[in-house]
Each structure stands twice: as C-alpha cells, then as structure tokens.
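Below is one structure, written out as structure tokens; comments come after it.
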Amino acid sequence: QVQLAESGGGLVQPGGSLRLSCVASGLSISGYTMGWYRQAPGKERELVALVTSGGDTNYGDSVKGRFTISRDNGANTVYLQMGSLKPDDTAVYYCYARWLTTFWGQGTQVTVSF
C-alpha cells in the first residue's frame, strides 16, 4: 500500500521559514516526479513545486525565489524548504508522486500569521 506522509507544517510568522517533508512508503520515489500542491480555503489547488526523477525542478510563480524543492531517493523523501513566508502562503500542502498514476498525501497545514 502506497503512503505519502507529510510533516513539518505549523504556525509561523510572516518572513519566517518552514521545511516540509514527505516520506513515501510502498514505492521507490526514484522513478517518480515528486511535488507539492497547496490549497487555501475557497481557492483551487495550485502547484507549488515539483522535481522530476532526473532532478529538474519547476515552481509556481508565487513561490519562485522563496521555496526550494529537493529529493533524497535514498531516504525516499522529498522536501520543500519555504522561506520569506507570507500570509498568502497559508494553505494545506499536499505531497504527490506521479509516474503512471498519481499518489497523494493527506496534507499538512501551514499557517502564516502573527
């Protein structure tokens, strides 16, 4: 059974940083594109960042220059380092793994507020 377990979310002040982790079980991420989406209340789910099996990355326009995605295939984990956080970054962040099909995690809440 495939599971993606996100962690690292929480409450952070504007300008602060957080690192999200997503540990996969039941699959080897080495052949998968891994990434993060987010969904804020009342808004559509949007791409935050992805990293291909070859290491190429892509970011949503709103996070370019502030967020960095990375992967550790040996640890079966993908990370999202988030910096210069803004209140608009408040959302549930979902990890996914995509190859022939797409698997999703349960999400982790990130709240940026004073």
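Please read all numbers here as calculations on a predicted model, not as lab measurements.
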Query raised in the report: Is the closest basic N to carboxylate O distance between K64 and D61 below 4.0 Å?
Result: yes
Query raised in the report: Is there a chain of hydrophobic side chains (I, L, V, M, F, W, Y, each step under 4.5 Å between heavy atoms) that links Y79 to F103?
Result: no
Query raised in the report: Can you tell me if T111 and S113 form a side-chain donor-acceptor pair at under 3.5 Å?
Result: no
Query - N/O donor-acceptor pair under 3.5 Å between T57 side chain and V51 backbone - result: no
Query raised in the report: Once the angle between the rings of Y96 and W104 is folded into 0 to 90°, is it parallel (under 30°), tilted (30 to 60°) or perpendicular (over 60°)?
Result: tilted
Query raised in the report: Sub-3.5 Å donor-acceptor pair from the side chain of R71 to the main-chain atoms of T33, do we have one?
Result: no
**Report entry** Under 3.5 Å donor-acceptor, Q81 side chain and R19 backbone
**Finding:** no
Query raised in the report: Backbone N or O of S25 within a donor-acceptor pair of the N76 side chain at under 3.5 Å?
Result: no
Requested in this report: Could you tell me whether a side-chain N or O of Q106 sits under 3.5 Å from a main-chain N or O of E6, the two making a donor and an acceptor?
Outcome: no
**Report entry** ILVMFWY network linking L85 to W36, side-chain heavy atoms under 4.5 angstrom
**Finding:** yes
**Report entry** Within the 6.0 Å centroid threshold, strictly below: Y59 and F67
**Finding:** no
Query raised in the report: Does CD belonging to Q109 count more than 12 external heavy atoms closer than 6.0 Å?
Result: yes
Query raised in the report: What heavy-atom pair brings R38 and Y93 nearest, and what distance separates the two atoms?
Result: NH1-OH, 2.9 Å
